[in-house]
Asker: 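Here it is: the structure, laid out below.
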Amino acid sequence: MVPPLRKIDRLIWEIPKTYKPCMKVPARIFADESLIEKMKTDSTLEQAANVACLPGVYKYSIALPDAHQGYGFPVGGVAAVDSNQGTISPGGIGYDINCGVRVLRTDLTENEVRPRLRELVNTIFELAPAGVGETGKLHLPVSELNKVLDEGVDWAIRNGYGWTDDKEYIEQNGSWDFADSSKVSQRAKERGKDEIGTIGSGNHFIEIQVVDKIFNPDVAKVFGIEKEGQVLVMIHSGSRGLGHQVATDYIKVAESKMRQWGLYLPDRELAALPLTAREAQDYLHAMAAAANYAWTNRHLLMHWVRESFKRVFGRDPDKLGMRIIYDVAHNIAKFEEHVVDDEGHRAKVWVHRKGATRAFPAGREEIPKVYRGIGQPVLIPGSMGTGSYILVGFEKSMQLTFGTAPHGAGRQMSRSAAVRSLPPSKVKAALESRGIIIRSAESEIISEEAPEAYKNVDVVAEVSDALGLAKKVVRMRPIGVVKG
DNA sequence: ATGTAC
């Protein structure tokens, strides 16, 4: 059963709030015909309607062009709730808290990297472990892990991982002082203390990419991207088992207390905490701590990437110009001020972004100084065989999506269907015939993550651009892939 | 996504 859809504009659809008695606002879907057809094949639209039932939700529940079914919320879902009247739903942030993407630039070109590519991929694979439950080079006592949770990348930099000015190029400078490690369970800490500095599994990866096309040379130059053929490195990872455990812990709290709070929502997976309750504040402090862990995790992975380039090319990473372009969080809730109605009233809101990238336009103070004049970089990874994009946040996002753009291509085939129909050897051979080298911890992942299993990232980027959420700057193609 | 089902 598909919810009723009203077409508002070429790329904007609405599920009216009359669809369900509990809906407080409509749901809006930003997509072209092909993307909306795919959303009809799973529960994406139903979930978007359910999200519109959250207390304190403003304007409309949002599904972005890459939206697909998730836990409670769609992945590619956005909801802004009033900071007093609203509820926070851990399922609207996701199990992988502060899953995100970081991109590094280099001075190297494809021609310089090609001869050493296999060695480079193997070195990264060795230094940055991948796979479910895989542990890393660091084994932190809980007392030290607490510092990671409270400080984020400051901890890493103080301990010799990364450079001081790396912080300038990370969303929120890679550190959230709202974090409180005492709100993270011992069990979460046990899971997190040996996994830090590892890639994980599923769609997580480290990729060597080549600049394929530059759409906006002026903005690209500010990002340190000068020419086609230039080599970049993309890191996609999150908070590993620690963030997963934080989500699990607080979903359990929400489920057990909702009835006594008088909170009834149409899907058990939407379990939510009233923002005025202590339990909600505890979750937010723990979420921020898990976010610090994820930023630190990507920072350590980046450190091993720089080390790998140093080993393979025999030159210092700073001599290779390996600075961060940007690091985005795409599974997180943020406290922001937004226009919340048609009359232009502003309010402080908690914005749930699940599989969704903040895309603030030029001028917002949350954007690091270096990019404040052009807008926030938006990093959209595609599949390992196609391409990835860098866009820049644009004004319409504030009006349409609470300053948000998509986060990826989105799956179009289930993992099990991909494993059944796409043998890893074939996928690998097809990639290698196109000059893409892949190393994976587990062969099944190669099937699950095959390019055919994903939607077309070009369409997602194009729809974002056409809507004015974020403008295309650069397209990259992969040449080396390390996966879980 | 995830010590892939306490």
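Chain A is the first sequence line, chain B the second, and so forth, proteins listed ahead of strands; every chain is numbered from 1.
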Asker: Rounded to the nearest Å, what distance is computed from the NZ atom of residue A:K252 to the C1' atom of nucleotide B:dT2?
Answerer: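 It is 13 Å, rounded to the nearest whole Å.
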Asker: Can you tell me how far P of B:dA5 sits from CD of A:Q245, to the nearest Å?
Answerer: 14 Å
Asker: Verify whether the ring centers belonging to A:F335 and A:F178 lie closer than 6.0 Å.
Answerer: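 Judged by ring-centre distance (under 6.0 Å), A:F335 and A:F178 do not meet the cut-off.
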Asker: Contact class for A:R411 (heavy atom, under 4.0 Å): base, sugar-phosphate, or nothing?
Answerer: nothing
Asker: Does any non-hydrogen side-chain atom of A:E168 lie less than 4.5 Å from one of A:I324?
Answerer: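 Sidechains of A:E168 and A:I324: no contact.
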Asker: Taking the ring centre of each residue, are A:H338 and A:F402 less than 6.0 Å apart?
Answerer: yes
Asker: Closest nucleotide of DNA chain B for A:V132 versus for A:E449: which of these residues is on the 5' side?
Answerer: A:E449
Asker: Regarding A:S201, tell me which of base, sugar-phosphate or nothing describes its non-hydrogen contacts under 4.0 Å with the strands shown.
Answerer: sugar-phosphate
Asker: Think A:R102 forms a cation-pi with A:W295, using NZ or CZ under 6.0 Å from the six-ring centre and within 45 degrees of its axis?
Answerer: no
Asker: What nucleotide among B:dC6, B:dT4, B:dT2 has an atom nearest to a side-chain atom of A:R187?
Answerer: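 Among B:dC6, B:dT4, B:dT2, the one nearest the side chain of A:R187 is B:dC6.
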Asker: Taking CD from A:E255 and P from B:dC6, how many angstroms apart are they, rounded to a whole number?
Answerer: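 Between P of B:dC6 and CD of A:E255: 14 Å.
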Asker: Write down the distance between NE2 (A:H204) and P (B:dT4), rounded to a whole number of angstrom.
Answerer: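 Rounded to whole Å, this separation is 16 Å.
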Asker: Could you check how far CZ of A:R240 sits from C1' of B:dT2, rounded to whole Å?
Answerer: 8 Å
Asker: In whole angstroms, how far is the P atom of B:dT2 from the CD atom of A:E269?
Answerer: 18 Å
Asker: How would you label the contact of A:G241 with the nucleic acid (heavy atoms, under 4.0 Å): base, sugar-phosphate, or nothing?
Answerer: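 Counting heavy atoms under 4.0 Å across all strands, the contact made by A:G241 is with sugar-phosphate only.
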Asker: Nearest-Å distance, OH (A:Y71) to P (B:dA5)?
Answerer: 14 Å
Asker: Rounded to the nearest Å, what distance is computed from the OH atom of residue A:Y250 to the C1' atom of nucleotide B:dT2?
Answerer: 19 Å
